[in-house]
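Because the structure is a prediction, the values reported are computed rather than measured. By convention in this document, chain letters (A, B, ...) are assigned in the order of the sequence lines, proteins followed by strands, and residues within each chain are numbered from 1.
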Number of protein chains: 2
Amino acid sequence: MATIRDVAKLANVSTATVSRVLNNNGYVNSETKKRVNEAIEKLQYRPNDVARSLFKGSSKMIALFVPDIKNPFFPELARAVEDVTNQHNYTFILCNTDDSHEKEVTYLNALTQKSVDGFIIVSSTITEEDLHHITSPVISLDRKFSSKISSVTVNNRKGAREATAYLQSIGCKKIAHISGPQTASNTEERLKGYLDVVEHEAWFNSNYVVTGDYRFENSYEIAKQLLTNHNDIDGVFVANDLMAVGVLKAAESLHIKIPEQLSVIGFDGITIGLTTTPSLTTIQQPIYEIGSRAAQILLQLIDHPEQKVIQEELEVTLIERDSTKRKE
Amino acid sequence: MATIRDVAKLANVSTATVSRVLNNNGYVNSETKKRVNEAIEKLQYRPNDVARSLFKGSSKMIALFVPDIKNPFFPELARAVEDVTNQHNYTFILCNTDDSHEKEVTYLNALTQKSVDGFIIVSSTITEEDLHHITSPVISLDRKFSSKISSVTVNNRKGAREATAYLQSIGCKKIAHISGPQTASNTEERLKGYLDVVEHEAWFNSNYVVTGDYRFENSYEIAKQLLTNHNDIDGVFVANDLMAVGVLKAAESLHIKIPEQLSVIGFDGITIGLTTTPSLTTIQQPIYEIGSRAAQILLQLIDHPEQKVIQEELEVTLIERDSTKRKE
DNA sequence: TTGAAAGCGCTAACAA
DNA sequence: TTGTTAGCGCTTTCAA
C-alpha cells in the first residue's frame, strides 16, 4: 500500500501539501494540486483510515445493538441504520446482545476502545449508569432510559389500546393478552394499553394475561394452554407479531377457526404477517423510519455534541387483515 | 481517556514496560507488574485499539457482505458469523450489497482502508479480478468464484435433484420449477438439479420453468399465472422458501388445495416454513453452520496467510412437512 | 502557497 | 529486567 509519503515524493511536495489536497482544505496552487492528484492516481493511493482515526480520535463507525438479528423485527431496523450510516460514509457495526447486560457492557467497552463514534441501542437492561463513562453519543430505541438520553420510540401504550379497542369494536367479548417478557422494554406499555381498555370489564381477571418471550415456539405452547383453559376467549391481543403467529398455529392445532371463533391481533407489522393463513391483523410500527431517524439523529449528535437530548415519538397504524373479523 | 503514558508515569516505569504487562510478553518483574496493574486499575485505563491497529496494520475486524439482511436467510448466517467473530475478539461489520457490484467494490475499498482483516462474501457479481488488490483473506459463500478463493458451499444441484425426485416419489406427474434470479449464484445449480430429474420426461417442456427473484411478492404473482396457465401441474419445486411461501399463498387464492391437489417444496429451511399453513416441505441448508464454518476458516486464514485455499461443501437435508403429500 | 516538525497512542528493536 | 527510541500514516500548527 502506498502511503502519503510515497505520493509526496512522487509529486515533489511535502506530505502536508498532499494532505491538503486530500482534504480539500488550506491553500494549494492548482498546478501542484494537479501534480499531487496525478501521483495519487499513478500510485493508486488510498489514505489509511486507521491513521486518520488515531489522529482525529474518531473512527467514522457507528454501532447498533439489537437483542437478536434473527428476530425478524430487527433486520429492517438494521437495514435502515446501515443505509443512513452508509450515505454519510460511516461504517456499520452490528452487535447481537441476547438481552444480556454483560454482553452489552462488553461491547460498549470494546467499541469505545475502537473509537466508535456513536451507539444506537435497543436494550432493556442498559442504564444511565452504564453509559456514564461513554463519551460518544447514544440513542435508544423502543424505550427511554432516562430524560437525558436521546431516543426514538413509538407510543406502545396507545397502540395497545387501539388494538384492544379494535377487538372490542368488532364484537369480541372476552379478550386475552399475551405479553412480552418482563425483561423487554416495551412489554409493560403494551400491557398497560391493554389493561386501560379491559381492566374494568366485568369478566376481566388476571388469568386472561399470560407472559410470553416474544418468540414463536413458546407462544405456540402457551397459547394452546390458554385457549384450552379458557374456551370463552374470542379475541387475543398479542404483544408482537411473532407470538401472534404462534397463536394462529395454536388455534389451528386446536381446530379453533380464525377469525370466525377467535380474532387475533399482533403488534409490529413485520412481513411474516402477510404470509400466514389467515394473514395477520396488526399494529404496524414504522420500522424502517425508526431506524433511519435514529441514525440521522445520532449523526447529528456526533456532529454537534453540544446539542441537547432529542426524543422523538412516531405513530403506529392499525392494519386490518384476515385474522380478525367483524361479528355480524 | 488515560493513555499508556499516564499509566507509565503513575507506576513509575516506561511505556514499554506497561506495554509488556498489557500484552503479557517479555520479562517483567512481578513487583513492577503489580504496580503497573494497580495504576491501570486506578486510572481505569483501556488501551486504544486504533493506535494498536495502526501499528499492527490490522484492525481485528471482519466484514460480512450479504445481498440484503431483510431476506430471512441471512440473519441466521450473520448471527453465526458474529458469534464466532466475537469469540475471537473480532468486531463484526455487516454490509448489505443489494447485489450491486458497485456497492460491493465500494465496500471492499472502504473497508480495506480501515484495515479490516478479512471478508466473508455472499455475492454473485464479485470476480477474482475485483479481489486482486485486496490483501486480506476472502471467503465466499454459496458459490465458488474460482479455485483460488476459499469457500463454504452446499451441493445445490444435488439438493435440487433430491427435491424434484421426492416430488416424483410421492406421485407428482407434472412438476414445475420456480427458479431464482439469473443474477444469483446458486440459481443455476438448482435449476440443473431439477432438469437432471425431469428433462427427459415426456411431458416436460420449458414452460414448466419460470424465473422469480427470490422474493415473496413476485413469486405470488408468477405462481398465480403459472398455475392458471397449467392446471395440470401437481408439484412445484421452488428455488427458495420465501418464493415457496408465495406459491402457497397463490394456490390459496386460486382455491387449489395443498397438498391434496398440489405439492410444494422449497429450499433453505428458514423458520418461516414452520409458520405457514400448511407448513412447508423443504431442502434444509445448515445455515448457522455455513456461517460459523466460514468465519472459522477465515480466522484461520488470517492467522496463517501462507495456508492455501480451503473449500468445504456441507450437506443439505430434506425436511418433510405438510405442503407435500404422498398420493394414494 | 508550501514545508518542517510535532504528535495522535501504541509496540518492538535495541541497548543498558 | 527495564528504558530509550523510532515509527505505524496521518493532520495541523507554525514558520517561512
Side-chain angles (χ1 to χ4, degrees), chain A residues 1-37 39-40 43-61 89 109-117 135-136, chain B residues 1-37 39-40 43-61 89 109-117 135-136:
Chain A
M1 281 285 241
T3 74
I4 197 171
R5 257 207 294 276
D6 301 323
V7 176
K9 205 167 291 173
L10 185 59
N12 240 293
V13 294
S14 74
T15 59
T17 302
V18 178
S19 174
R20 283 188 195 103
V21 348
L22 242 33
N23 299 290
N24 241 311
N25 85 34
Y27 300 101
V28 35
N29 185 302
S30 67
E31 256 311 308
T32 42
K33 182 185 255 177
K34 204 167 122 198
R35 276 212 322 283
V36 169
N37 279 323
I40 288 175
L43 294 173
Q44 290 274 41
Y45 167 74
R46 305 260 113 211
N48 178 323
D49 276 339
V50 177
R52 280 184 163 171
S53 291
L54 178 57
F55 184 88
K56 301 254 192 190
S58 124
S59 63
K60 288 245 162 204
M61 303 195 292
N89 286 103
N109 291 330
L111 295 176
T112 299
Q113 287 182 242
K114 284 195 147 41
S115 298
V116 161
D117 295 324
T135 48
S136 16
Chain B
M1 280 286 242
T3 75
I4 197 171
R5 257 207 294 277
D6 301 324
V7 176
K9 204 167 292 175
L10 185 59
N12 239 292
V13 294
S14 74
T15 59
T17 301
V18 178
S19 174
R20 282 187 197 103
V21 347
L22 241 34
N23 299 290
N24 241 311
N25 85 34
Y27 301 101
V28 36
N29 185 301
S30 67
E31 254 313 306
T32 42
K33 182 186 254 176
K34 204 167 122 196
R35 274 210 326 279
V36 170
N37 279 323
I40 288 175
L43 295 173
Q44 290 275 41
Y45 167 74
R46 306 261 112 210
N48 179 323
D49 276 338
V50 177
R52 281 184 164 171
S53 292
L54 178 57
F55 183 86
K56 301 254 191 188
S58 124
S59 63
K60 288 243 161 205
M61 302 195 293
N89 285 102
N109 291 330
L111 295 176
T112 299
Q113 286 182 243
K114 285 195 147 39
S115 298
V116 161
D117 296 324
T135 47
S136 17

Novice: Leu54(A) CG to dT11(D) P: how many Å, rounded?
Specialist: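 For the pair Leu54(A) CG and dT11(D) P, the rounded distance is 12 Å.
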Novice: Rounded off to whole Å, could you give me the NZ-to-P distance for the Lys60(A) and dC10(D) pair?
Specialist: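 Rounded to the whole Å, the gap is 17 Å.
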Novice: Between Val50(A) and Ser115(B), which heavy-atom pair has the shortest distance, and what is it?
Specialist: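 Here Val50(A) and Ser115(B) meet closest at CG2-OG, 3.5 Å.
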Novice: Please check: side-chain N/O of Asp6(A) versus main-chain N/O of Thr3(A), any donor-acceptor pairing under 3.5 Å?
Specialist: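 Side chain of Asp6(A) to backbone of Thr3(A), a donor-acceptor pair under 3.5 Å: yes, one is there.
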Novice: Is the shortest heavy-atom distance from the side chain of Leu22(A) to the side chain of Tyr45(A) under 4.5 Å?
Specialist: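 Yes, their side chains come closer than 4.5 Å.
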Novice: Please work out which residues in residues 24-36 of chain A have a non-hydrogen atom less than 4.0 Å from an atom of DNA chain C and list them by number.
Specialist: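 Close to the strand are Tyr27(A), Val28(A), Asn29(A), Thr32(A).
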Novice: Which of the following nucleotides, dC8(C), dT5(D), dC10(D), is nearest to the side chain of Pro47(A)?
Specialist: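 The listed nucleotide nearest to Pro47(A)'s side chain is dC10(D).
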Novice: By nearest nucleotide on DNA chain D, pick out whichever of Ala51(B) and Ser14(B) is the more 5' one.
Specialist: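 Here Ser14(B) is the residue nearer the 5' end.
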Novice: Nearest of dC8(D), dC10(D), dC8(C) to any side-chain atom of Arg52(A)?
Specialist: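 Of the options given, the side chain of Arg52(A) lies nearest dC10(D).
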Novice: Is any side-chain heavy atom of Asn48(B) closer than 4.5 Å to a side-chain heavy atom of Met1(B)?
Specialist: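 No, side chains not in contact.
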Novice: Base, sugar-phosphate alone, or nothing: which one does Ser19(A) contact when heavy atoms must sit under 4.0 Å apart?
Specialist: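 If one applies the 4.0 Å heavy-atom cut-off, Ser19(A) turns out to touch a base.
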Novice: Would you indicate which nucleotide in dG3(C), dG9(D), dC8(D) comes nearest to any side-chain atom of Thr17(A)?
Specialist: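 Of all the options, the side chain of Thr17(A) is nearest to dG3(C).
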Novice: Which part of the nucleic acid does Asp49(A) contact within heavy-atom distance under 4.0 Å: base, sugar-phosphate only, or nothing?
Specialist: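 Nothing, no nucleic acid heavy atom in range.
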Novice: Once you round it to whole Å, what is the distance between P of dC10(C) and CZ of Arg5(B)?
Specialist: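 My rounded result for the distance is 9 Å.
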Novice: Expressed as a whole number of angstroms, how long is the span from Ile4(B):CD1 to dC8(C):C1'?
Specialist: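 Between C1' of dC8(C) and CD1 of Ile4(B): 14 Å.
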Novice: Starting at the 5' end of DNA chain D, which residue's closest nucleotide do you reach first, Lys56(B) or Lys56(A)?
Specialist: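 The residue whose closest nucleotide sits nearer the 5' end is Lys56(B).
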Novice: Nearest-Å distance, NZ (Lys9(A)) to P (dA4(C))?
Specialist: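 Rounding to the nearest Å, NZ of Lys9(A) and P of dA4(C) are 13 Å apart.
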Novice: Between the base of dG3(C) and the side chain of Arg20(A), is there a donor-acceptor distance below 3.5 Å?
Specialist: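 Flag set: donor-acceptor pair detected.
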Novice: Between OG of Ser53(A) and CG of Asp117(A), what distance do you get to the nearest 0.5 Å?
Specialist: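 If we round to the nearest 0.5 Å, Ser53(A):OG and Asp117(A):CG are 7.5 Å apart.
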Novice: As a test of reading the structure: which of dA5(C), dG7(D), dT5(D) is closest to the side chain of Ala16(A), going by heavy atoms?
Specialist: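 The closest nucleotide is dA5(C).
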Novice: Using atom CG of Asn48(B) as one end and atom P of dG7(C) as the other, report the distance to the nearest whole Å.
Specialist: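 Distance check: Asn48(B) CG to dG7(C) P gives 17 Å.
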Novice: Are any side-chain N or O atoms of Lys114(B) and backbone N or O atoms of Ser59(A), one a donor and one an acceptor, separated by less than 3.5 Å?
Specialist: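 Flag set: sc Lys114(B) to bb Ser59(A) pair under 3.5 Å.
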Novice: Nearest whole angstrom, please: distance from the P of dC10(C) to the NZ of Lys114(A).
Specialist: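 Checked: the NZ to P distance equals 13 Å.
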Novice: So what does Val50(A) hit on the nucleic acid, given a heavy-atom distance under 4.0 Å: a base, only sugar-phosphate, or nothing?
Specialist: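 Val50(A): no heavy atom of the nucleic acid under 4.0 Å.
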Novice: Examine distances only and state if a side-chain atom of Asn23(A) and a backbone atom of Asn25(A) form a donor-acceptor pair shorter than 3.5 Å.
Specialist: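 Checked: no pair found.
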Novice: Taking Gln113(B) for its side chain and Asp49(A) for its backbone only, find out whether a donor-acceptor pair lies under 3.5 Å.
Specialist: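 Not a single qualifying donor-acceptor pair exists.
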Novice: In whole angstrom, what separates Asp6(B)'s CG from dC10(C)'s P?
Specialist: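 Asp6(B) atom CG is separated from dC10(C) atom P by 9 Å.
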